[in-house]
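To keep things clear, I will list the structure first and then write my remarks on it.
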Amino acid sequence: MAVASSFSSERLPRHVAIVMDGNGRWAKKRFLPRVAGHKQGVDALRHTVQSCIDRGVRVLTVFAFSSENWNRPVDEVSGLMELLALALSREVPRLHEKGVQLHFPGDRAVLSSRVQKALVEAESLTVGNHTLVLNVCFNYGGRWDIAQAARRLVAEGREITEAALSETTALAHVGDPDLLIRTGGEMRISNFLLWQSAYTEMVFTPCLWPDFDAQALDQALAEYAGRERRFGQTSEQVSSASGSSHA
Ligand code: IPE
Ligand code: IPE
Ligand code: MG
């Protein structure tokens with residue numbers, strides 16, 4: 001289903017990243033256990049994937065579990081691990097049908113062998129899909145990503161340059177995010193895409209992640225469409241370059 005987009009293609013971000021925050025508060029407001037908020041969060045993600053496909057976004061990268069989230073109470077961590085396993089078995093076939101290519105950037109070594117196997121299977125099943133690339137960052141940390149890339153370059157005897165690091169991060173298969181949305185009202189990066197978000201436009205919304213819908217996405221896309229990305233240049237340089245590219 002195509003949605004009449006109000007953004008011209010150059011104003012639509014190619015790559016959207018989301019810090020899906022606020023599940024716990026969503027549950028608390030309803031006197032539910034925190035894991036109920038995480039479950040509702042999976043539904044919000046399913047709808048957001050569809051909305052991104054409908055609008056022509058090519059890459060969606062979401063933060064599902066950070067390297068610091070191990071510090072949460074044991075029952076919440078195990079609830080999140082179970083939810084990952086459940087979501088994989090339920091959602092992967094649907095995502096494959098939609099033509100979504102899946103990746104799970106993050107440190108997988110510490111995950112259960114059952115989950116590790118499911119992640120590899122989901123990635124190989126969907127490798128030929130091209131409707132949308134979906135990166136589900138699980139046990140991901142921006143510092144981990146930079147450090148693992150540097151370690152690999154050293155092990156390969158390569159020089160550590162910006163280009164080499166970019167090619168070796170866990171998100172090397174996609175370009176840097178154009179837009180990063182954080183739900184839940186906090187205005188921080190919480191160790192998400194530290195390397196990749198050098199020039200990403202940030203949109204913060206108080207909307208709790210389980211409440212995030214197509215309208216909330218459109219609001220963030222509209223905010224992005226109104227931004228001027230200067231990459232260090234002056235506004236005048238940017239407008240003359242975009243004027244000449246249309247000539
Ligand atoms: C984000 O929601 C999900 C994860 C970090 C796994 P939170 O669980 O952080 O929700 P709040 O911030 O406590 O409301
Ligand atoms: C960031 O949210 C991690 C994810 C959404 C997976 P947190 O809730 O963990 O972030 P902090 O602790 O408030 O910075
Ligand atoms: Mg939070």
Side-chain angles (χ1 to χ4, degrees), residues 15-49 51-52 59-88 90-91 102-112 115 118-119 122 134-148 169-171 174 177 179-197 200-213 216-217 220:
H15 181 174
V16 175
I18 308 183
V19 179
M20 308 184 291
D21 195 20
N23 297 349
R25 279 163 284 169
W26 183 93
K28 195 173 177 190
K29 279 205 319 203
R30 290 164 179 78
F31 306 99
L32 293 169
R34 292 179 60 87
V35 76
H38 299 314
K39 281 193 182 130
Q40 199 69 26
V42 176
D43 291 349
L45 178 55
R46 187 185 314 112
H47 295 134
T48 301
V49 165
S51 299
C52 285
V59 183
L60 176 64
T61 300
V62 296
F63 206 6
F65 189 89
S66 78
S67 39
E68 287 71 34
N69 287 145
W70 294 106
N71 297 324
R72 294 197 174 193
V74 180
D75 60 340
E76 182 170 349
V77 170
S78 56
L80 283 162
M81 295 299 149
E82 276 167 35
L83 193 55
L84 172 67
L86 184 71
L88 283 168
R90 279 202 191 145
E91 306 293 335
L102 278 160
H103 297 264
F104 299 93
D107 184 1
R108 303 185 192 187
V110 294
L111 303 178
S112 75
V115 165
L119 299 182
L134 175 60
N135 300 306
V136 180
C137 297
F138 201 91
N139 196 20
Y140 179 89
R143 289 178 173 178
W144 164 83
D145 198 3
I146 296 166
Q148 69 80 26
T169 70
L171 285 135
V174 288
L179 167 65
L180 185 145
I181 302 167
R182 181 169 184 147
T183 63
E186 312 298 350
M187 295 191 203
R188 54 179 173 251
I189 197 95
S190 298
N191 198 17
F192 194 26
L193 305 168
L194 299 183
W195 179 266
Q196 297 85 351
S197 63
T200 300
E201 295 296 328
M202 311 267 176
V203 170
F204 298 97
T205 165
C207 174
L208 302 175
W209 173 249
D211 293 326
F212 192 85
D213 57 10
L217 176 67

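Both ligands and their constituent atoms are indexed starting at 1 by order of listing. Since the structure is predicted, the reported quantities are computational estimates derived from the model, not experimental observations.
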Taking Asp21 first and then Arg25, would you say they form a salt bridge - that is, a charged N and a carboxylate O separated by under 4.0 Å? yes

Distance only, no hydrogens: is a donor on one side chain within 3.5 Å (strictly under) of an acceptor on the other, for Glu68 and Ser190? no

Evaluate the ring planes of Phe65 and Phe138, with Trp represented by its six-membered ring, and classify them as parallel (under 30°), tilted (30 to 60°) or perpendicular (over 60°). parallel

Below the 2.8 Å mark, what number of protein N, O or S atoms do you get around the Mg ion (ligand 3)? 1

Heavy-atom neighbours of Arg90 CZ exceed 12 at 6.0 Å: no

Is the closest basic N to carboxylate O distance between Glu201 and Arg182 below 4.0 Å? no

Quick one: table the atom pairs, ligand 2 N or O against protein N or O, below 3.5 Å, distance rounded to 0.1 Å.
{"residue": "ligand 2", "atom": "8 (O)", "partner": "Asp21", "partner atom": "OD1", "Å": "3.2"}
{"residue": "ligand 2", "atom": "8 (O)", "partner": "Arg72", "partner atom": "NH2", "Å": "3.1"}
{"residue": "ligand 2", "atom": "9 (O)", "partner": "Asn69", "partner atom": "ND2", "Å": "2.9"}
{"residue": "ligand 2", "atom": "9 (O)", "partner": "Arg72", "partner atom": "NH2", "Å": "3.4"}
{"residue": "ligand 2", "atom": "10 (O)", "partner": "Arg182", "partner atom": "NH2", "Å": "3.3"}
{"residue": "ligand 2", "atom": "10 (O)", "partner": "Ser190", "partner atom": "OG", "Å": "3.4"}
{"residue": "ligand 2", "atom": "13 (O)", "partner": "Arg188", "partner atom": "NH2", "Å": "2.8"}
{"residue": "ligand 2", "atom": "14 (O)", "partner": "Arg188", "partner atom": "NE", "Å": "2.8"}
{"residue": "ligand 2", "atom": "14 (O)", "partner": "Ser190", "partner atom": "OG", "Å": "2.6"}

Do the side chain of Trp26 and the main chain of Pro210 share a donor and acceptor less than 3.5 angstrom apart? no

Side chain or backbone, does Trp26 bring an N or O within less than 3.5 Å of an N or O on ligand 1? no

Compare every heavy atom of Phe63 with every heavy atom of Val19, then report the nearest pair and how far apart it is. CA-CB, 4.1 Å

On a heavy-atom basis, which atom in Asn23 and which in His38 lie closest, and how many Å separate them? ND2-ND1, 3.0 Å

Ser197 side chain to Thr200 main-chain N or O, any donor-acceptor pair under 3.5 Å? no

Quick one: sort the Phe192 and Tyr140 rings into parallel, tilted or perpendicular, breaks at 30° and 60°. perpendicular

